[in-house]
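Protein chains get the first letters and strands the later ones, always in sequence-line order, with residue 1 at the start of each. A quick note: this is a predicted structure, and the numbers were derived from the prediction, not measured.
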Amino acid sequence: MVLLIVVTFPSTALPEATVTIGGPATERPGDVWGEAASAFERWSAGDAVALDELVRVMTPVLWHVVRAYRLAPEVAEDVLQTTWLSLVRSRASIHEPAAVGGWLTTVARREAWKVAKATGRGIPVEDEELARRLPDEGSAEAEAVRRDGESQLWYAVDRLSERCRALLRIVAFEHRPDYTKIAADLGMPVGSIGPTRGRCLQKLRALIEEDGDDDV
Amino acid sequence: MSELADDDLLAGIRGYWEATDPAPDGMVARLQAAAALAASDTDLDIELMLLVERTEELAGARGSSTTAYTLRFAHDGVDLLLRVSTDGTHPRIDGWVVPPSPVAVTVLRDDDTLTTLEVGDAGRFELPDLTPGMLRLRLEPLDGSTPFMTPAFEI
């Protein structure tokens, strides 16, 4: 029964799952978390289909969090599968539906960090924290999309240091990130991540300003 | 450009990544299938036994055409030995639960229950007059502990 429903998903669910430019791209994490909590609550009450909804809602968020650890796409997918199987096994231990989003991102980050460390593909900790990436290091995709009329902000994100990009990617998709844990993951002193987040955002603002000035 | 608030910047960053590195096509469906499959196993609250050994017996030394084989399933210190043979026209199963303990054995085919019988302290049971096909056995300890289920096997 459940599998039949899953089979129908590729045609119906994916357009919603892969958010596109101009779509609900700026949906706030809080809204996603709310949907996830509701789906988890219904699933826990015995509605098997609600698990599909939970996976659909949270998978894109988990993807971005895990990819911040510079894992290859297929490795990232394995990490996500491990994360979802952990949730299924641990369902009874999550008593508060509102906690499910944070639970999932925490497990996904822990697993991503473990795999990244094992494969030597972790986030480069020796990077000068706020060193600017050269503009030509921006991905071709990002360049193409930017030329399609996207904002200065995107161009600025392209030129951020690797570590700021990784940090802000996690921060942007998590609802209330646990700074202590992220700090350990990124090899930063525990107390520094709040200020680092602030500095990365400030750096981004400066790059946006700069780009604006260049255009004048 | 006027100074952007943190939330605006973070929303823009989400848009950036959603456009430049979106979740791959089909991944959500694959993960939904994996999660649903895992959930269907745990919903039953049953421990799955694994086949650890399969032994073919040679045809009977006395010229009988009877062939038999033995399957050994195990999980968490409990072994289930099954000798599958044919007596005349129908397959039969002789089973032993090791260590011997009282259990209810249910024979399942396509989720239908064919029969249920109780196994006593000796841990031995017989299932004569079966029909060929795929079967699963479910073992429910009479002391109320978690039931076991074998994977499907063919007789």
Side-chain angles (χ1 to χ4, degrees), chain A residues 2-3 5-7 9-10 13-14 17-21 23 25-29 43 48 51-52 54-56 59-60 62-64 67-68 73 77 80-81 84-85 87-89 91 139 141-142 145 150-154 157-158 165 168-169 171-173 197-198 201 204-205 208-209 211-212, chain B residues 1-50 75-77 108-113 134 136 138 144-149 151-152:
Chain A
V2 171
L3 285 177
I5 290 160
V6 170
V7 166
F9 259 99
L14 286 177
T18 49
V19 179
T20 51
I21 314 161
T26 55
E27 188 173 19
R28 285 165 187 277
W43 176 50
L51 178 59
D52 277 352
L54 181 58
V55 175
R56 177 177 60 75
T59 290
L62 298 174
W63 167 259
H64 290 289
R67 286 280 283 167
E77 183 165 340
L80 294 198
Q81 179 162 335
W84 284 115
L85 297 188
L87 176 81
V88 169
R89 275 198 302 274
R91 168 166 76 173
S139 66
E141 293 88 345
V145 174
E150 277 306 327
S151 65
Q152 293 160 319
L153 184 139
W154 287 21
V157 172
D158 246 5
R165 282 159 60 85
L168 291 181
R169 189 178 192 178
V171 168
F173 282 96
R197 168 190 188 273
L201 284 171
L204 189 60
R205 284 192 186 92
I208 292 168
E209 298 269 345
D211 188 37
Chain B
M1 184 181 284
S2 63
E3 181 115 322
L4 289 160
D6 285 7
D7 281 353
D8 296 328
L9 286 176
L10 293 173
I13 290 166
R14 285 197 293 281
Y16 170 92
W17 286 112
E18 281 162 353
T20 58
D21 186 28
D25 283 351
M27 189 179 75
V28 167
R30 287 192 292 277
L31 293 172
Q32 282 171 329
L37 194 63
S40 69
D41 267 3
T42 60
D43 281 350
L44 296 170
D45 199 19
I46 282 178
E47 303 285 355
L48 188 65
M49 303 189 88
L50 294 178
H75 178 82
D76 201 17
L108 300 160
R109 176 169 284 162
D110 297 335
D111 292 334
D112 293 331
T113 297
M134 301 297 286
R136 299 183 89 171
R138 186 184 133 105
S145 54
T146 309
F148 298 98
M149 179 114 89

About how many Å separate CZ of A:F173 and CD of B:E18, when rounded to the nearest 0.5 Å? 4.5 Å
Any heavy-atom pair between the side chains of B:I13 and A:L204 that's under 4.5 Å? yes
Note: A:W154 and B:A19 closest approach over all heavy atoms is CH2-CB, 3.4 Å
For A:A172 and B:R14, which heavy atoms make the closest approach, and how far apart are they? O-NH1, 2.8 Å
Using non-hydrogen atoms and a 4.5 Å limit, figure out which bit of A:R169 sits close to chain B: side chain, backbone, both or neither. both
Could you tell me which non-hydrogen atom of B:A39 sits nearest to which non-hydrogen atom of A:L51, and how far apart they are? CB-CD2, 3.8 Å
Do B:P24 and A:W63 have side chains that get closer than 4.5 Å, going by heavy atoms? yes
Nearest heavy atoms of B:L31 and A:E77, plus distance in Å: CD2-O, 4.2 Å
Can you tell me which portion of A:L80 sits under 4.5 Å from chain B's heavy atoms? Options are side chain, backbone, both or neither. both
Correct closest heavy-atom pair for A:R56 and B:V28 would be CA-CG1, 3.8 Å
Under a 4.5 Å cut-off applied to non-hydrogen side-chain atoms, are B:D6 and A:R197 in contact? yes
Taking the side chain as every heavy atom from C-beta outward, state whether A:I208 and B:L9 have any pair of such atoms under 4.5 Å apart. yes
Which heavy atom of A:V55 sits nearest a heavy atom of B:A35, and at what distance? CG2-CB, 4.0 Å
Under a 4.5 Å heavy-atom cut-off, does chain B meet the side chain of A:L168, its backbone, both or neither? both
How many angstroms lie between CZ in A:R165 and CH2 in B:W17, if you round to the nearest 0.5 Å? 4.0 Å
